[in-house]
K.L.:
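Handing you this structure, nothing more for now.
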Amino acid sequence: MKTPLIAASAIAKTYQKEHVTIPVLQGIDLHLSEGEFLGVMGASGSGKSTLLNIIGCLDRPTSGSYQLNGMNVLHSSDDELSGLRSLYLGFVFQTFNLIPTLTVAENVELPFLYRSIDPDTVSEKVHTAISQVGLSGRINHRPAELSGGEMQRVAIARALAIGPKLILADEPTGNLDSQSSVEIMQLFKRLHNQGSTIILVTHDPQVASYADSIITINDGRIIRESL
Ligand SMILES: Nc1ncnc2c1ncn2[C@@H]1O[C@H](COP(=O)(O)OP(=O)(O)O)[C@@H](O)[C@H]1O
Ligand SMILES: [Mg+2]
């Protein structure tokens with residue numbers, strides 16, 4: 001049987017604030033295979049980003065078990081987790097997180113900075129990723145010269161460039177107008193059709209409708225799975 005890309009069971013996360021324990025996630029089970037496009041919905045504050053950060057090894061659960069690509073990552077060191085992230089995961093955030101002083105090509109090149117790959121190969125991967133998001137004509141532009149939708153496409157190219165096993169997107173349309181949102185979701189859909197595995201967090205049902213399956217988080221639990 002094929003190993004699931006993500007096997008998370010009974011994931012719980014609590015925050016401690018001045019002797020008060022705030023339960024955010026209270027027993028999340030999540031399995032994901034390669035090639036899936038999963039939407040994660042829920043109201044603001046329901047724990048969507050917390051869950052995505054745990055899946056993305058940016059944060060650790062308080063309890064539960066989590067295997068990423070067959071590896072038990074809960075006992076990995078911070079260095080091991082950052083190695084896993086740079087090999088397997090591509091992140092896309094609401095605020096794009098581009099470096100304003102760098103060009104489009106230089107921003108997309110960033111994930112290769114600490115990897116020993118020869119420059120020609122890096123350049124080829126960077127150009128391929130930029131072409132996949134339709135920005136080949138803009139490689140020498142800086143973020144300030146781009147629209148919000150274009151900036152998010154650069155961020156998606158940066159996430160794609162390493163050839164990640166999984167793309168994690170947290171409210172990727174949250175800062176975009178409705179037309180740009182549609183374009184970004186069509187891009188995610190196209191990438192999915194070309195084989196990318198995607199988990200996309202949104203509070204917007206219309207955005208979530210581009211995913212193949214949707215889970216909804218409420219009070220720290222998954223309350224609905226529509227498949
Ligand atoms: N570092 C933190 N310390 C304390 N509470 C936090 C922290 N991060 C998130 N929370 C709380 O956890 C809950 C879920 O947050 P979050 O995962 O960001 O929700 P969502 O992404 O669904 O809006 C919120 O009540 C938030 O205030
Ligand atoms: Mg959030």
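Numbering of ligands and ligand atoms starts at 1, following listing order. What you see below is based on every heavy atom in this structure, not just the backbone, and it leaves out hydrogens, waters and symmetry mates.
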K.L.:
Quick one: does atom 3 (N) of ligand 1 have a protein heavy atom under 4.0 Å from it?
P.N.:
yes
K.L.:
Show the numbers, then the answer: is there a salt bridge (Lys or Arg N to Asp or Glu O under 4.0 Å) between D78 and R85?
P.N.:
CA-CA 10 Å; D78 288 350; R85 284 197 301 271; over 6 Å; no
K.L.:
Where's the contact between V24 and ligand 1, heavy-atom distance under 4.0 Å: side chain, backbone, both or neither?
P.N.:
side chain
K.L.:
Which residue supplies the protein heavy atom nearest to atom 18 (O) of ligand 1, what is that atom called, and how far is it?
P.N.:
S49 CB, 3.8 Å
K.L.:
Just distances here: any N/O of S46 and N/O of ligand 1 closer than 3.5 Å?
P.N.:
yes
K.L.:
Are L68 and I6 close enough that some pair of their side-chain heavy atoms sits under 4.5 Å apart?
P.N.:
yes
K.L.:
Quick one, V154 and F96 - any side-chain contact, counting heavy atoms below 4.5 Å?
P.N.:
no
K.L.:
What is the nearest protein non-hydrogen atom to atom 17 (O) of ligand 1, stated with its residue, atom name and distance?
P.N.:
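Going by distance alone, atom 17 (O) of ligand 1 is nearest to T50 OG1, 2.5 Å.
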K.L.:
Quick check on contacts: which atoms of ligand 1 are under 4.0 angstrom from a heavy atom of A43?
P.N.:
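Selected atoms, number and element: 22 (O).
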K.L.:
Among all protein heavy atoms, pick the one closest to atom 1 (N) of ligand 1 and tell me residue, atom and distance.
P.N.:
Y15 CE2, 3.5 Å
K.L.:
Taking backbone and side chain together, does S49 place any N/O/S atom at a distance below 2.8 Å from the Mg ion (ligand 2)?
P.N.:
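Here the distance criterion (N, O or S atom, under 2.8 Å) is met by S49, so yes.
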K.L.:
Just which atoms of ligand 1 are under 4.0 Å from any heavy atom in S44?
P.N.:
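Once the distances to S44 are compared, the set is 23 (O).
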K.L.:
Determine yes or no for a side-chain-to-main-chain donor-acceptor pair under 3.5 angstrom, with H192 supplying the side chain and G35 the backbone.
P.N.:
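Yes.
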K.L.:
In the structure I gave you, are the side-chain heavy atoms of L191 and I156 within less than 4.5 Å of one another anywhere?
P.N.:
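Result yes, sub-4.5 Å side-chain heavy-atom pair found.
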K.L.:
If only atom types and distance count, is the side chain of T173 paired as donor or acceptor with the main-chain N or O of L176 below 3.5 Å?
P.N.:
no
K.L.:
Identify the protein heavy atom lying closest to atom 23 (O) of ligand 1, giving its residue, its atom name and the separation to 0.1 Å.
P.N.:
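In this structure, atom 23 (O) of ligand 1 has G45 N, 2.7 Å as its nearest protein heavy atom.
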K.L.:
Could you list which atoms of ligand 1 come closer than 4.0 Å to a heavy atom of G47?
P.N.:
14 (C), 16 (P), 17 (O), 19 (O), 20 (P), 22 (O)
K.L.:
Flag atom 26 (C) of ligand 1 as yes if some protein heavy-atom distance to it falls below 4.0 Å, otherwise no.
P.N.:
no
K.L.:
Does ligand 1 have an atom under 4.0 Å from some heavy atom of G42?
P.N.:
no
K.L.:
Answer yes or no: is there a side-chain heavy-atom contact under 4.5 Å between R153 and R138?
P.N.:
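Counting from C-beta outward, R153 and R138 never come under 4.5 Å.
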K.L.:
Any heavy-atom pair between the side chains of P61 and L74 that's under 4.5 Å?
P.N.:
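Contact flag for L74/P61 side chains = yes.
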K.L.:
Is there side-chain contact between N175 and T95, with at least one heavy-atom pair below 4.5 Å?
P.N.:
yes
